[in-house]
Structure formats: structure tokens, C-alpha cells
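In the text below, chain A, chain B and the rest are named by the order of the sequence lines, each starting its count at 1. Hydrogens, waters and symmetry mates play no part in the numbers below; they use all other heavy atoms, side chains included. Remember, predicted model here, so these are calculated numbers, not experimental data.
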2 protein chains.
Amino acid sequence: MSDEAAWLDDEEMAAWLPLIGLVMRLPGALDQSLRRDVGLSHFEYGVLVTLEYAENQTMRMSDLAFLCNGSLSRLSHVARRLEKDGLLRRYACPTDGRSTLATLTDSGRELLKRAAPGHVQTVRSLIFDELSRDEVRLLGDMARRIVDRIKAL
Amino acid sequence: MSDEAAWLDDEEMAAWLPLIGLVMRLPGALDQSLRRDVGLSHFEYGVLVTLEYAENQTMRMSDLAFLCNGSLSRLSHVARRLEKDGLLRRYACPTDGRSTLATLTDSGRELLKRAAPGHVQTVRSLIFDELSRDEVRLLGDMARRIVDRIKAL
DNA sequence: TCGGGTTGCTTGAGGAATCAACTATTGAAG
DNA sequence: CTTCAATAGTTGATTCCTCAAGCAACCCGA
């Protein structure tokens with residue numbers, strides 16, 4: 001078999017290195033600003049925001065984990081801490097005894113109100129202030145297609 | 001002050017969610033395939049590859065950390081493990097007693113040879129098989145500009 | 001209604017990342 | 001020459017994530 005596809009050419013390399021830089025540095029940058037402002041990691045913040053936009057601000061742990069791009073185990077650990085801090089509450093699902101439902105508490109809602117402006121400001125200054133409208137669309141589209149491939153693994 | 005810039009509109013949100021998905025899921029996907037194939041995390045692999053392409057396959061710890069998108073502390077811990085496994089060697093810089101130089105060993109080179117094809121295959125199937133030539137250029141360019149902003153924090 | 005298999009979630013152990021504190025060397029100012 | 005700040009790197013404590021194991025509830029065919 002030919003192995004030309006087994007290596008990255010110069011153009012691919014010139015895109016790959018910055019892309020790796022992005023995926024390695026962005027989470028840390030978001031963590032830092034959220035940690036400083038409200039004491040949450042970006043993953044924790046994402047969990048709360050996802051709940052905020054859910055029906056009844058409530059969601060099954062499994063679905064929440066998937067939407068937040070994390071493992072169920074990771075979410076379980078995180079939910080324990082967030083629950084200890086009073087930001088969310090968990091209770092057994094009435095219709096399926098295996099499931100656990102997580103819901104946002106008032107403290108959780110209130111914390112999101114405090115956190116959102118600073119976080120949006122960070123995201124804007126790092127991403128959207130740098131890109132044109134067309135680029136934003138393009139980037140989102142490419143990211144979505146790549147994520148679909150990762151999910152399909 | 002107006003706060004319209006304090007929120008993301010629909011188009012921005014439609015790009016932001018997949019982008020977050022990408023940065024949260026890609027590292028795990030790369031880790032998994034490398035861990036399975038050669039027992040290294042993607043960060044560890046990146047450290048070795050970066051050394052491979054350096055002058056004399058040798059680099060200062062600080063510079064290595066920066067190029068690998070990690071903290072010096074993280075690199076220090078990782079280098080200790082890699083050195084214990086015989087994949088790299090560290091020694092004091094002759095011209096500046098504060099610096100430490102890291103260099104690839106023969107085992108390190110050999111491991112890279114074994115790891116590269118599978119890793120490239122993974123990257124290709126997740127990223128480059130999905131994108132057109134133009135998209136690759138665009139994506140790399142956008143990523144580079146965003147990373148520059150993160151570095152400037 | 002019983003048994004086997006699956007699903008949803010939690011837990012504990014182990015390893016890895018982060019943060020702050022520390023040592024050591026260098027460079028520069030007085 | 002001495003001091004003081006800045007730089008480079010390591011280390012230890014804490015926090016966090018992953019993985020494998022476990023448990024309970026559900027589903028379904030016999």
C-alpha cells in the first residue's frame with residue numbers, strides 16, 4: 001500500500017500546530033478567568049449553564065454529561081462537589097429508578113448571573129473580536145463536523 | 001455603558017458550542033489512541049516530537065514547555081517520568097547554570113518511529129479527511145490568531 | 001416470575017495537572 | 001564586592017480526571 005497519506009504535508013502541519021495550540025490552551029484560559037471570578041472551572045460552569053437552559057432547569061446525569069462533553073464519571077464527581085456547595089441538587093428520577101436528575105438551585109442561578117458577564121467578555125475578547133462574521137460561521141461548521149467524527153469513534 | 005457586547009448572539013452561540021466541544025473532546029481522543037498504541041499521553045508525545053525537530057534534538061526546558069503549550073511545572077513532572085523510562089535525558093546547560101537542557105535518547109527516537117504512523121492516521125481521520133484544502137488553511141489561520149490572543153493574556 | 005443481560009450512576013484507587021513555595025543561578029545597580 | 005531582583009527549574013500538597021468495579025433498577029424472553 002502507498003503510505004503518502006501516513007504523513008502530514010507542510011500545509012497540513014501549518015494548520016495542525018496552531019489547532020493543537022488552541023485545544024491545549026483555550027481550556028486553561030477559560031478556567032483561569034472563571035476560577036478567578038467565581039471559583040469554578042470551565043467544566044463546572046458549563047454544567048450549570050447547560051442546566052439553566054434545560055426544561056425545568058433539570059436534566060438526567062447521562063444527558064448532561066454528553067452535552068457537556070465529559071464522561072459520566074467525571075460529571076458524577078463534579079456534581080458531588082457542586083451539590084456540596086449548594087449550586088445544584090440531585091434526586092432520583094420518578095419514572096426510571098436508575099436515572100438521577102440534576103437541577104439548578106437558586107444559589108446556582110444566582111452564581112450564573114454573577115459569572116456570565118465576565119465569562120462572555122473573556123470569550124469575546126479571545127475569539128469573536130478576532131474573527132469576522134463569515135469566519136465565525138466557517139469555524140463553527142468545521143468544529144461541528146470534526147466533533148461529529150470524534151463522537152463516532 | 002451598553003451591554004449588547006456582553007452576550008453572544010445566535011450565530012456566535014452556534015459556533016461557540018461546537019468549538020467548545022472540539023477543545024474538550026479532541027485531547028481525550030488523541031490521548032486514547034496514543035495511550036493504546038504506545039502508552040503515552042498526547043502531551044508526552046508532543047514533548048518528544050518537539051525535541052525530535054529541535055537543533056541537536058535538544059532544547060531548554062522553558063522553551064520546550066512553551067512550544068508544547070504547557071506550564072514549566074507540568075513539563076518538569078512529565079520529563080521526570082520520561083527520563084525514568086529512558087526516553088529523554090536532562091543535563092545542566094553549560095552556558096547558563098539556571099537552565100536545563102533536555103535531549104532525545106535512542107529509545108525516544110525509536111518510540112517515535114513506532115508511534116508516528118498510527119498517530120498521523122488518527123489525526124487524518126479526525127481532521128484532515130473531513131476538511132477541504134481551503135478549509136484547512138482557514139482553520140489554521142484562525143487557530144493561530146486565537147492562540148496569539150491567549151498567549152498575550 | 002425468574003434469570004440473564006443491559007443501562008444509569010456512584011465510588012475508590014491511582015495517576016496526572018495545578019498552584020504555591022522553594023532553591024539556585026544570573027545580571028545589574030550602587 | 002555586595003545586594004537585590006529576575007530567571008529557570010524542581011518539588012510537594014491539593015485537586016482533579018480516568019478507569020475499573022460495583023450496585024441497583026429495568027427489560028425481556030422463556
Options D:dT10, C:dT7, C:dT11, nucleotide nearest the side-chain atoms of B:Arg90: D:dT10
Nearest-angstrom distance from the residue atom CG of A:Leu72 to P of C:dT10: 7 Å
For atom CG of B:Leu40 and atom C1' of C:dA16, their distance in whole Å: 14 Å
Lys/Arg N to Asp/Glu carboxylate O, B:Asp134 vs B:Arg137, below 4.0 Å: yes
Integer-rounded Å distance: C:dT18 P and A:Arg36 CZ: 17 Å
Contact letters for nucleotides 15-20 of chain D, in which S counts primed atoms plus P, OP1 and OP2 and B counts the base, heavy atoms under 4.0 Å: -SSBB-
Inter-residue atom distance B:Glu52.CD - B:Tyr45.OH, 0.5 Å rounding: 7.5 Å
DNA chain C: 5'-proximal contact among A:Ser99 and B:Pro94 (nearest heavy atom): A:Ser99
Touch class at under 4.0 angstrom, heavy-atom based, for B:Ser76 against every strand present: base
Value rounded to 0.5 Å, distance of NE2 in B:His77 from CG in B:Leu72: 10.0 Å
Short N-O contact, B:Asp85 and B:Arg81, less than 4.0 angstrom: no
A:Arg60 CZ to D:dC26 C1', straight-line distance once rounded to whole Å: 12 Å
A:Arg80 side-chain N/O to C:dT10 phosphate OP1/OP2 under 4.0 Å: no
Parallel, tilted or perpendicular, as decided by the 30° and 60° cut-offs, for the rings of A:His42 and B:Trp16: perpendicular
Results of side-chain contact (heavy atoms from CB on, under 4.5 Å) for B:Asp106 - residues two or more places apart only: B:Arg109
Along DNA chain C (nearest heavy atom to each residue), the more 5'-positioned of B:Thr95 and A:Asp63: A:Asp63
Protein-nucleotide distance (A:Arg98, atom CZ; C:dG8, atom C1'), rounded to Å: 7 Å
Inter-residue atom distance B:Leu30.CG - B:Leu40.CG, 0.5 Å rounding: 13.0 Å
Between C:dA17 (P) and B:Asn69 (CG): distance, integer Å: 14 Å
